[in-house]
Structures are given as C-alpha cells and as structure tokens.
2 protein chains.
Amino acid sequence: MSQLTVLRSYALKSNPATLPPSVLLSHSETSVTLFDAFPKSIFHFLILPRPQPSLSIFDLANLSSLLKCDNSKAKSVLLTMKEEAQSVKDMIESEMMKRYGFKWGIWTGFHAVPSMEHLHLHVLSNDLCSPRMRKKQHYQSFHPKHGFFLHLDDVLSWFDAEPSYYDTVSQLKKSQYEPLLKGDFECWKCERVIANMPALKSHLQEEWDKEMQRETAKLKRKQKSPDLPTAKGTDALETVPKERRSPDAA
Amino acid sequence: MSQLTVLRSYALKSNPATLPPSVLLSHSETSVTLFDAFPKSIFHFLILPRPQPSLSIFDLANLSSLLKCDNSKAKSVLLTMKEEAQSVKDMIESEMMKRYGFKWGIWTGFHAVPSMEHLHLHVLSNDLCSPRMRKKQHYQSFHPKHGFFLHLDDVLSWFDAEPSYYDTVSQLKKSQYEPLLKGDFECWKCERVIANMPALKSHLQEEWDKEMQRETAKLKRKQKSPDLPTAKGTDALETVPKERRSPDAA
DNA sequence: TATTCCGATAGTGAC
DNA sequence: GTCACTATCGGAATGAG
C-alpha cells in the first residue's frame, strides 16, 4: 500500500477493528481514529471520516471536495468529526495527566494542502516535540497562525460567512496556501525568529521543558502532593506504541 | 595557512626546495610546480609564477591582474609558464607510458574565475578520473569547450587580437564567466548528456577504460609486445604521493 | 571556480 | 504540505600556540 493512499484504504475498511492496534486508536460508524504514523508532537492522532450511503469516498477525498458537497451535509460531517475530536482530546488530556501530571494545549485542524489522500483531521498536542519533526515544512504546516493549518472551528465558521467568501476560501488552492509555508520561521509561542531546524527543535524542547517545570511547580504549590509524575522530556512516553516507533534519536 | 592564500605563500618562498616533496614537483627561478592537492585527473599539476624584480606579487595575483601589466611583460610571463608546462607535459607523458603503456590528452590552462589567490596554471590529463572530482563545478570548470577553462594558447592568442577585444576579455569578470559553469552537463568527449555526478564519474571511467583498451590493443598489434603494463582503472597509481592522499574511495 | 561542514532544497519513487 | 533516498545547492569558516 502506497503512503499516498493508505489513509483511504483505512477509511474503506468495512471492519476497522481488523487494523493493527499500532495503527488504530478507535472507530465508530462514522470515523476511524489513528495513531499518526509519523507524529510531530508527543500526542498526534488522525481522525478519518468513513464513507456513508450519502457520502462517497470521492466526497471525502479532501476538505475541498467535502466542502463542495451540500453545505448542510458537509457541515454535519465536520460536526461529527468535531465530536470525535473532543473525545480524542479528552483521552489525550487524561494521558497527559497520567504521564506528565499536567495538561497542555491541543490543536484540532486540517492541512490546507494535504499530501495524502482522504480527508484527515489532525489532533495533536502543541509541544511539537518529536523526532519526526524534521523538516521546516513539517513545522510550518502546523504553525497555528500561518494559515496553512486550518483550525476546525475556523473551518466551521466559514458556513456562517457570505456564500462568496465560502466559495473562495473552500477551494483551498495550492497556489494560495503553499506560500504560507515559506513564511517567517519563528516560535509560535514566543514569536522568536529561529535560524534553522536544529535550533527550532532545541527551542521547542526548551519551551516545553519550561512549561512542564512551571506547571509542576504550580501543582506542587496547590496540592502539596509528594508523588507527582516525574517524566522529563519527550523520550519517556509517546502515544505511538513502542513496536511501531522508528529508530530515530530524539 | 589558509587554503585561500597557500599558493601565494609557496610562490613567495625564497627557496622552494624547502617545500615538502609531497607538494613540490620542481622549481626554477621563474616558477614553482606543485602537485595539485586535490587532483581532478590521474595527473594534475599547478605551475605558479614567482615574483621577480619587475613583477610584483600583486601583478601575479591572478590572470586578470597579470594581463593589466605591460603587454609584453605579461606575454613574457605566460610564455615562460608555457615552457615550464611543456616540460611538465613531457614528464606526464613519460609517466603515462611507464605506468599505463600509452599516452592520452593533457590540458594546459587557467580557470577564468579562480578561488585561490595567486596565478596558477593547471596542467592535467584529460581523463578527469579522480576521487576528488566530486562536484559539478569541479567538472564544469575543466570542460574544454565551456569557456571557463582558458587554454593557455587561447590566452596567448589574445595578444594578437584587437586591443579593444583584449581589454574586454582580459577583465575576466565573474558575472561573465560564472554562468558558464551552469551550462549543459555533458561528456566533453562524446557529448552525451549526463544526469548527475555519479553518472558522470561512471561515464568518465568507462570512457577512459575504453581508451585504455583501445590503445593497449593498438600497441599489441603494432609491437606484438607480450609484456605491456596492465594497470587498470585509476586506483593503482596517481601522481600524488601516497602519504598525502586523502582517504576517499575511488 | 581551494575544502569542509552543516543545513536547506529539489526530484524520485513508493504499490 | 506522506516518507526515504539521493543529489544538489548555499553559506560560513578556514590560520594560529
């Protein structure tokens, strides 16, 4: 199975439960939720809508094709995905508490120009610390303010806008969104300009370490709890099952 | 000593004989001949003119600065270098016969835009087979028809041309000659277009192996000699003394 | 077009 | 913006005691 179409093959499974546990997190009648095979954060999942009698695999090819459907149908699909995303978010936050003793941000959205076929909603923690975060475009494609990463709630708001705006924005033209990846290379959190990828990775790790220390200290003050989790860095635990981790160094 | 100025330091030596034998091939009152530290062919030498009472180290900075001198003085320097080049060429051909049993082409010329300071005349065999031939620009800079490699006899012919032509061509402007390196990437011998450097290196090796086989067969027919040299490829022998070879694979 | 080191960039192929 | 692989391109430093 080619990487280009593997998501489609998962969405087409009549019984997603047959997917290996290293791939499948959960599924329902309307969606399949996967461990991202190349997570760009400590937590990173993909939610795939499944075809329905009224919703073909072609309608679900990507966000643009979905938005070309009847508006109410498209919106309904996205709202269902949002429900599933909320459930995944809850699970992630539960894991965050269990493993790290505190919670941090989670983003839910689409890439404006995806490379893999079949609509997939990213749900990922905002640390962006992962050995698979390797290329500038990886990072830029998740930057929450560059416009390439389309937050689900922003996409949903398009339905309430002028039809002409909806028509324009829902085309998701490569020529319009691709340049956004070449924008300023800076930390999304502190807006510092970053020289290159090694510097970015160090900086993101520092940012997250600082957040962990801040939150851990906060909890200690509030709860005076003596037995908090003590995991440090991102090496210790990932949502990707061990057996499918690639051998990258952190 | 920086690589940028090392040639100048050699040319300034009051006694070139103190240079290590791994660097120095020979010297005279007017020139120093070196083993190229990074030979791009099986045989590759550099001839450096030495400063004289009437010829400063600044005049000898590069070809352009030399050509700005009095015409007869500049021509005289080049003619002296040509004599030395002929002597080096004779030596190379003698080595070719001794090591390989046949002779092949030798080029004598300057790079229009050199990277190292102090005028240096390249004298190299036209196999272009060497582990140090690694980058496209290495190859392009020696291509005999691209115009970046200035054959010594061509440069000498400038003195017989219109003064306006001489003035223009002798400026050797980077903006004029640099683009020549981006030209077609093809075998100088058979004009086949080459995809990339690994392909070029294979092709050049094949071309030279073919030449060797052709010449060896020719000699066998003519001389019916049973004990010709049998060296194959470029690994066996180089003009660069063993102790200063870098550990590159062929 | 001196090299070397590092990083970014570009094209390919994948079933 | 799927990855992995290969090759190319691009800038910066290069000495010295």
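Chain letters run A, B, ... following the sequence lines, proteins first and then strands; every chain starts at 1.
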Discussion item. Below 30° counts as parallel, above 60° as perpendicular, anything between as tilted: where do the rings of W107(A) and H151(A) land?
Written reply: perpendicular

Item to complete: Take atom C1' in dG17(D) and the same atom in dT3(C), then report the distance between them in whole Å.
Response: 23 Å

Worksheet item: For DNA chain D, what dot-bracket results from Watson-Crick or G-U pairs at under 3.5 Å, with [ ] for crossers and | for inter-strand partners?
Response: .|||||||||||||...

Practice prompt. For K145(A), check salt bridge (Lys or Arg N to Asp or Glu O under 4.0 Å) against everything at least two apart and list the hits.
Written response: E191(A)

Worksheet item: Which whole-number value in Å describes the distance from K135(B) NZ to dT3(C) P?
Response: 6 Å

Discussion item. Under 4.0 Å, heavy atom to any atom of DNA chain D: which of residues 178-196 of chain B qualify?
Written reply: K182(B), N196(B)

Discussion item. Under 3.5 Å, is there a donor on one side chain and an acceptor on the other for E84(B) and S28(B)?
Written reply: no

Discussion item. Please confirm whether the shortest side-chain N or O distance from R134(B) to OP1 or OP2 of dT4(C) is below 4.0 Å.
Written reply: yes

Item to complete: Check every atom of dT14(D), dT9(C), dA14(C) against the side chain of L4(A) and return the nucleotide holding the closest atom.
Response: dA14(C)

Discussion item. Regarding D59(B) and K68(B), does a basic nitrogen lie under 4.0 Å from an acidic carboxylate oxygen?
Written reply: no

Discussion item. Check R192(A) with E186(A), please: is the shortest side-chain N to carboxylate O separation under 4.0 Å?
Written reply: no

Worksheet item: Nearest-Å distance, NZ (K136(B)) to P (dA10(C))?
Response: 14 Å

Practice prompt. Could you work out which one of dA8(C), dT1(C), dC15(C) sits closest to the side chain of S2(A)?
Written response: dC15(C)

Fill in: Close aromatic pair by centroid cut-off 6.0 Å: F148(A) and H111(A)
yes

Discussion item. Regarding D167(B) and Q171(B), do their side chains bring together a donor and an acceptor under 3.5 Å, going by distance alone?
Written reply: no

Fill in: Sugar-phosphate only, base, or nothing, as touched by Y177(B) at under 4.0 Å among non-hydrogen atoms
nothing

Item to complete: From the options dT3(C), dT1(C), dT8(D), select the nucleotide whose nearest atom is closest to the side chain of V113(B).
Response: dT1(C)

Item to complete: Might you work through the ring pair (Phe, Tyr, Trp, His ring centres under 6.0 Å) test for F142(B) and H122(B), ending with a clear yes or no?
Response: CA-CA 9 Å; F142(B) 288 106; H122(B) 292 269; 5.0 Å; yes

Fill in: Atom-to-atom span, CG of L12(A) to C1' of dC15(C) - whole angstrom
16 Å

Item to complete: For H120(B), report the nucleic acid contact type (base, sugar-phosphate, nothing); a contact means any heavy atom under 4.0 Å.
Response: sugar-phosphate

Practice prompt. Grab the OH-P distance between Y10(A) and dC15(C) for me, whole Å please.
Written response: 14 Å

Worksheet item: Between dG7(C), dT8(D), dT3(C), which one does the side chain of P198(A) approach most closely?
Response: dG7(C)

Fill in: Whole-Å gap separating C1' (dT8(D)) and NZ (K201(B))
16 Å

Discussion item. Heavy atoms only, 4.0 Å cut-off, all strands: where does K174(A) land among base, sugar-phosphate and nothing?
Written reply: nothing

Worksheet, complete the sentence: To the nearest angstrom, the CD-P distance between Q137(A) and dC3(D) comes to 10 Å

Worksheet entry | Which nucleotide in dT4(C), dA14(C), dT8(D) has an atom nearest any side-chain atom of Q3(A) | dA14(C)

Fill in: Ring centroid separation F185(B) to Y139(B) under 6.0 Å
yes

Fill in: Parallel, tilted or perpendicular: rings of F35(B) and F45(B) (30°, 60°)
tilted

Practice prompt. Mind calculating the distance between CE (M116(B)) and C1' (dA13(D)) to the nearest angstrom?
Written response: 15 Å

Worksheet item: Can a side chain N or O of H138(B) be found less than 4.0 Å away from OP1 or OP2 on dT3(C)?
Response: yes

Worksheet item: Taking atom C1' of dT4(C) as reference, at what distance in whole Å does atom CE of M1(B) sit?
Response: 19 Å

